[in-house]
Novice: 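Could you have a look at this structure, given as structure tokens, before my questions?
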Amino acid sequence: MNQTVKELMERKSVRVYKEQQIEQEKKAVIIEAALQAPTAGNMTLYSIIDVTDPELKKKLSVTCDNQPFIAQAPMVLVFVADYQKWYDLFCKYEDTVRAPGMGDFMLAEDDALIAAQNAVVAAESMGIGSCYIGDILEQYETHRELFSLPRYAVPAAMVVFGYPAQQQKERVSL
Ligand SMILES: Cc1cc2nc3c(=O)[nH]c(=O)nc-3n(C[C@H](O)[C@H](O)[C@H](O)COP(=O)(O)O)c2cc1C
């Protein structure tokens with residue numbers, strides 16, 4: 001088994017972190033790896049929000065079904081399916097622009113999720129654990145408001161990252 005496949009096989013969600021920040025260079029690599037993911041029509045139909053404000057992390061830990069480890073995660077990224085940036089650009093060049101449909105939205109969701117998983121894999125390769133948080137979607141109205149997202153942008157995924165605490169390393173994944 002090569003190293004990449006080994007890491008894919010051994011990955012598990014990490015919910016308890018060491019009190020250790022993620023180095024800026026490693027964070028930059030994780031975000032760059034996300035940006036290198038394939039995207040539909042090379043349109044990069046997503047945006048990434050890097051949540052650094054501790055108060056905002058605390059809020060998210062409550063709005064995402066009271067999961068306190070979100071507030072403790074050294075890095076929190078929200079992947080937004082973002083058709084708005086293209087819609088705004090089209091509006092600059094065309095008199096009439098159709099509103100995005102379900103297909104456009106689903107492509108944007110795909111782009112955002114594929115980028116998120118690239119970030120997860122890159123983090124794992126550097127010993128940094130992660131966990132997706134589905135409640136960012138389940139409470140998407142709340143979160144659109146929290147991040148002041150425009151009409152054609154919705155959260156697609158949230159992933160929290162951090163160095164795994166020893167007990168997480170030892171946790172047996174089913
Ligand atoms: C879309 C998505 C949403 C998830 N949401 C949560 C969540 O809100 N809280 C949590 O603790 N884990 C969450 N998880 C992690 C899953 O529970 C986990 O991936 C699954 O149980 C398999 O375990 P493993 O990742 O350790 O292999 C989520 C995973 C995905 C893919």
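Keep in mind the model is a prediction, meaning the values are calculated, not measured. Read the numbers this way: they start at 1 and go in the same order the structure lists the ligands and their atoms.
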Novice: Salt bridge check, Arg144 against Glu141: does any charged N sit closer than 4.0 Å to a carboxylate O?
Specialist: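 Salt bridge: no.
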Novice: Heavy atoms only: which of Glu10, Gln67, Gln117, Arg15 is nearest to atom 9 (N) of ligand 1?
Specialist: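 The nearest heavy atom belongs to Gln67.
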Novice: Give the atom numbers and elements of ligand 1 that come within less than 4.0 Å of a heavy atom of Gly134.
Specialist: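 Numbered from 1, ligand 1 contributes 3 (C), 4 (C), 5 (N), 6 (C), 7 (C), 8 (O).
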Novice: Taking the inter-plane angle between the rings of Tyr87 and Tyr152 on a 0 to 90° scale, is it parallel (under 30°), tilted (30 to 60°) or perpendicular (over 60°)?
Specialist: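 Correct class here is perpendicular.
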Novice: Tell me whether Asp88 is salt-bridged to Arg151, with the criterion being a basic N under 4.0 Å from an acidic carboxylate O.
Specialist: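 So Asp88 does not pair with Arg151 through a salt bridge.
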Novice: Please identify which atoms of ligand 1 are closer than 4.0 Å to at least one heavy atom of Lys12.
Specialist: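 Ligand 1 atoms under the 4.0 Å threshold to Lys12: 26 (O).
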Novice: Taking only heavy atoms of Cys131, which atoms of ligand 1 are found under 4.0 Å from at least one of them?
Specialist: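 Answer, ordered by atom number: 10 (C), 11 (O), 12 (N), 13 (C).
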Novice: Within a 6.0 Å radius of atom CZ on Phe90, are there more than 12 heavy atoms belonging to other residues, nucleotides or ligands?
Specialist: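 Atom CZ in Phe90 is crowded, with more than 12 foreign heavy atoms closer than 6.0 Å.
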Novice: Looking only at distances, can you tell me whether any N or O atom of Tyr132, backbone or side chain, sits closer than 3.5 Å to an N or O atom of ligand 1?
Specialist: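 Yes, there is a polar N/O contact under 3.5 Å.
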Novice: Would you tell me whether Asn118 and Gln36 have side-chain atoms, one donor and one acceptor, within less than 3.5 Å of each other?
Specialist: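 Looking only at side-chain atoms, Gln36 and Asn118 do not form any donor-acceptor pair under 3.5 Å.
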Novice: Any salt bridge linking Asp53 with Lys59? Criterion: basic side-chain nitrogen under 4.0 Å from a carboxylate oxygen.
Specialist: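 Salt bridge absent between Asp53 and Lys59.
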Novice: Within ligand 1, which atoms have a heavy atom of Asp135 less than 4.0 Å away?
Specialist: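 With Asp135 as reference, the close atoms of ligand 1 come out as 8 (O).
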Novice: Taking only heavy atoms of Ser13 into account, list the atoms of ligand 1 that are under 4.0 Å away from them.
Specialist: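 Here the atoms of ligand 1 in question are 15 (C), 18 (C), 19 (O), 24 (P), 25 (O), 26 (O).
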